[in-house]
Amino acid sequence: MTDNIINELTWRDAVNQQTDAEGLAKLVSDKKISLYCGVDPTGGSMHIGHLIPFMMMKRFQLMGHHPIILIGGGTGTIGDPSGRKTERQLQTIEQVQANVDSLSKQMKKLFGAGADIRMVNNHDWLKDISLLDFLRDYGKNFNVNTMLAKDIVASRLDGGISFTEFTYQILQSIDFKHLHDSMDVQLQIGGADQWGNITSGIDLIHKIEGSDEPVFGLTIPLMLKADGTKFGKTAGGAIWLDPERTSPFEFYQFWLNQDDRDVLKYLKFFTFLSEEEIKELGRKLVSEPEKREAQLALASEVTRFVHGDAELEEAEKITKVLFSGDIRKLSVNELEVAFEKMPKVSVNSDSKNIVDWLVDTEVVSSKRQAREDVTNGAISINGEKITDTDFIVNPDANFEGKLVITKRGKKNYFVAEISK
């Protein structure tokens, strides 16, 4: 890690735009600053796309700066038009508050509860602004022509945008002004789509405080995979930080399966490994790609950061056991985690000949294929290779009589849940 946060972010390719790069570099060299990044409670969990700007906040924290996390309990009732083609469906106040509580817990887990990290909710100050105060104190400082030119609004003009979402950038600007006045915040960080909102806040502060007031904006690059598709999306949907929505094992597997072309970029963005450590992993990626050491480091570092050591240990254990095929080392709970998203069949607890079992549990489509697979040593039941076509599968023999795991070939697992 370098001794200057801007240098740190630069070698990690983590900076997209800055309002005043020279001024910000001088500011963070002269003092430890307060900065903020916000997230609206549009759902009960963040996904890994949300993680990117907050990883930057964590880097500021580790270098002695003072990050402030803003949960948008106020703006979340309105809806940010950024990155959308249609209006958001408004949530109830009760749902927004439930989401605020959930996101707050996630942030505390990521950043810790120390004195060097503060969390605020913009509902606390936005709720006290009357309509007349909004129009007189803030509305007069915003030129409609300028607001229309912002990308977040301009991209919506053809399809239409409500006055509610049109005023979102004013509310976010009020946030920056409030935090500047009350907590000496001088920098706002956000995704690339937040540039218009961030610069609106800086403009508001400059109009009220003077154009030489030292406040800054910084955005992160849009994260795309090597194939040009959006990062963080899979066939199964988003990868969530909430372990109830994406298990730590599934989370670990997502990072472990990243493309060689992307893994070094992700190591820079999502881990706290040093420049030299990442370069060394890059060299091994070229010389020994089959070992996938870069992917292993990425999966371990990010899973530990988001979920903790115990959850990482379980994810690594399940991964190693599934690779070896000796699933007898796993508990029922660990098996349920490992095969959570896999299709399952339900069978009764009667013992059954292996050939009939393979057909009835849809591992193969015919008894002829079943006999051939067993004879060729391609079938394992609960981690034991079966080569005898007279073998009897006893569902009560393993895993508390709840599961029977059939493996066909090297990687194909089939899960049977036992109904009593």
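Numbers here are sequence positions counted from 1. Because only heavy atoms are used, hydrogens play no part in the values below, and waters and symmetry mates are left out as well, while side chains stay in.
Side-chain polar atoms of Glu277 and Ser274 form a donor-acceptor pair below 3.5 angstrom. Side-chain contact, Gln194 with Gln172: a donor N or O sits under 3.5 Å from an acceptor N or O. No hydrogens or angles considered: a donor-acceptor pair under 3.5 Å links the side chains of Ser45 and Gln106. A donor-acceptor contact under 3.5 angstrom links the side chains of Asn4 and Ser29, judged on distance only. Between Ser349 and Asp396, the side chains place no donor N or O within less than 3.5 Å of an acceptor N or O (distance only, hydrogens not considered). There is a side-chain donor-acceptor pair under 3.5 Å between Thr75 and Asn122.
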* Check against side-chain hydrogen bond (donor to acceptor under 3.5 Å, both in side chains), Trp125 and Ser182 -> CA-CA 11 Å; Trp125 56 85; Ser182 62; over 6 Å; no
* Thr319 vs Gln253, side-chain hydrogen bond (donor to acceptor under 3.5 Å, both in side chains): CA-CA, chis, key distance, verdict -> CA-CA 8 Å; Thr319 299; Gln253 288 294 312; 2.7 Å; yes
* **From CA spacing to verdict: side-chain contact (heavy atoms from CB on, under 4.5 Å), Leu110, Met46** => CA-CA 12 Å; Leu110 291 176; Met46 294 188 293; 4.0 Å; yes
* Asked: When you look at Phe272 and Glu301, which way does the side-chain contact (heavy atoms from CB on, under 4.5 Å) test go after all the steps?
  -> CA-CA 8 Å; Phe272 300 97; Glu301 291 293 321; 5.5 Å; no
* To do: Could you please spell out the steps behind the side-chain contact (heavy atoms from CB on, under 4.5 Å) verdict for Gln295 and Asp260?
  => CA-CA 8 Å; Gln295 282 88 347; Asp260 285 355; 2.7 Å; yes
* Apply the test side-chain contact (heavy atoms from CB on, under 4.5 Å) to residues Ile327 and Glu334: give CA-CA distance (whole Å), side-chain angles for both, the deciding distance (0.1 Å), then the verdict. => CA-CA 10 Å; Ile327 61 172; Glu334 289 169 337; over 6 Å; no
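For Lys291 against Leu296, the heavy-atom pair with the smallest separation is O-CD1, 3.7 Å. When all heavy atoms are compared, the tightest approach of Leu322 to Ala338 is CD1-CB, 4.0 Å. The two residues Ser34 and Ile68 have their closest heavy-atom pair at CB-CD1, 4.5 Å. The two residues Thr219 and Ala192 make their nearest non-hydrogen contact at CB-CA, 4.1 Å. Heavy-atom minimum distance, Trp357 versus Pro395: CZ3-CG, 4.3 Å. Of all heavy-atom pairs between Met223 and Ile52, the closest is CB-CD1, 3.8 Å.
Between Glu22 and Lys26 there is no salt bridge, since none of the side-chain N atoms of the basic residue sits less than 4.0 Å from a carboxylate O of the acidic one. A salt bridge is defined here as a Lys NZ or Arg NE, NH1 or NH2 lying under 4.0 Å from an Asp or Glu carboxylate O, and Arg283 with Glu280 meets this definition. We find that Glu293 and Lys284 are joined by a salt bridge, their nearest charged nitrogen and carboxylate oxygen being less than 4.0 Å apart. Salt bridge status for Glu209 with Lys177: present, with a side-chain N to carboxylate O gap under 4.0 Å.
Within a 6.0 Å radius of CD in Glu213, other residues, nucleotides and ligands contribute more than 12 heavy atoms. By the 6.0 Å contact criterion, NZ on Lys385 is open, its count of non-hydrogen atoms from other residues, nucleotides or ligands being 12 or less. In Lys320, the NZ atom is not crowded: 12 or fewer heavy atoms of neighbouring residues, nucleotides or ligands sit closer than 6.0 Å.
Side-chain contact between Phe305 and Thr271 is absent, with no heavy atoms from C-beta onward closer than 4.5 Å. Side-chain contact between Val302 and Phe251: present, with at least one pair of heavy atoms (C-beta onward) separated by less than 4.5 Å. Asp40 places none of its side-chain heavy atoms less than 4.5 Å from the side chain of Ile78. Taking the side chain as every heavy atom from C-beta outward, Lys407 and Ile405 never approach each other to under 4.5 Å. Taking 4.5 Å as the limit, some side-chain heavy atom of Val120 sits within range of a side-chain heavy atom of Met183. With a 4.5 Å cut-off on side-chain heavy atoms, Phe249 and Glu340 do not count as touching. With a 4.5 Å cut-off on side-chain heavy atoms, Pro248 and Glu314 do not count as touching. In this structure the side chain of Phe269 never reaches within 4.5 angstrom of the side chain of Leu51, judged on heavy atoms.
Using a distance-only test at 3.5 Å, with no hydrogens or angles considered, no donor-acceptor pair links the side chain of Ser300 to the main chain of Ala297. Looking at Ser419, its side chain does come within 3.5 Å of a backbone N or O of Val347 through a donor-acceptor pair. For the pair Gln186 (side chain) and Pro214 (backbone), a donor-acceptor distance under 3.5 Å is present. For the pair Thr246 (side chain) and Pro243 (backbone), a donor-acceptor distance under 3.5 Å is absent. At least one donor-acceptor pair under 3.5 Å links the side chain of Thr19 to the backbone N or O of Gly217. Under a 3.5 Å cut-off, the side chain of Ser102 and the backbone N or O of Ala98 do form a donor-acceptor pair. Distance alone, capped at 3.5 Å, places no donor-acceptor pair between the Lys344 side chain and the Glu417 backbone. Checked by atom type and distance alone, the side chain of Asp262 pairs as donor or acceptor with a backbone atom of Ala226 at under 3.5 Å. Side-chain atoms of His65 come within 3.5 Å of backbone atoms of Ile33 as a donor-acceptor pair (strictly under, hydrogens ignored). Remark: side-chain polar atoms of Gln258 are not paired, donor with acceptor, to backbone N or O of Val263 under 3.5 angstrom.
Between atom CG of residue Leu62 and atom CD of residue Glu8 there is a gap of 9.0 Å, rounded to the nearest 0.5 Å. Atom-to-atom distance recorded for Lys279:NZ and Leu267:CG is 14.0 Å, nearest 0.5 angstrom. One distance of note links OG1 of Thr303 with CG of Leu298; it measures 8.0 Å at 0.5 Å rounding. Note that CD1 of Ile5 is 7.5 Å distant from CZ of Arg59, once rounded to the nearest 0.5 Å. We find the CD1-CG distance between Ile69 and Asn121 to be 13.0 Å, quoted to the nearest 0.5 Å. The CD1 atom of Ile48 sits 8.0 Å away from atom CG of Leu241, with the distance rounded to the nearest 0.5 Å.
Between Phe270 and Tyr266, the ring-plane angle classifies as perpendicular under the 30° and 60° cut-offs. Note on ring orientation: taking the six-membered ring where Trp is involved, the planes of Phe134 and Tyr138 are tilted (angle from 30° to 60°). Between Tyr413 and Phe339, the ring planes lie tilted relative to each other; the angle falls in the 30° to 60° range.
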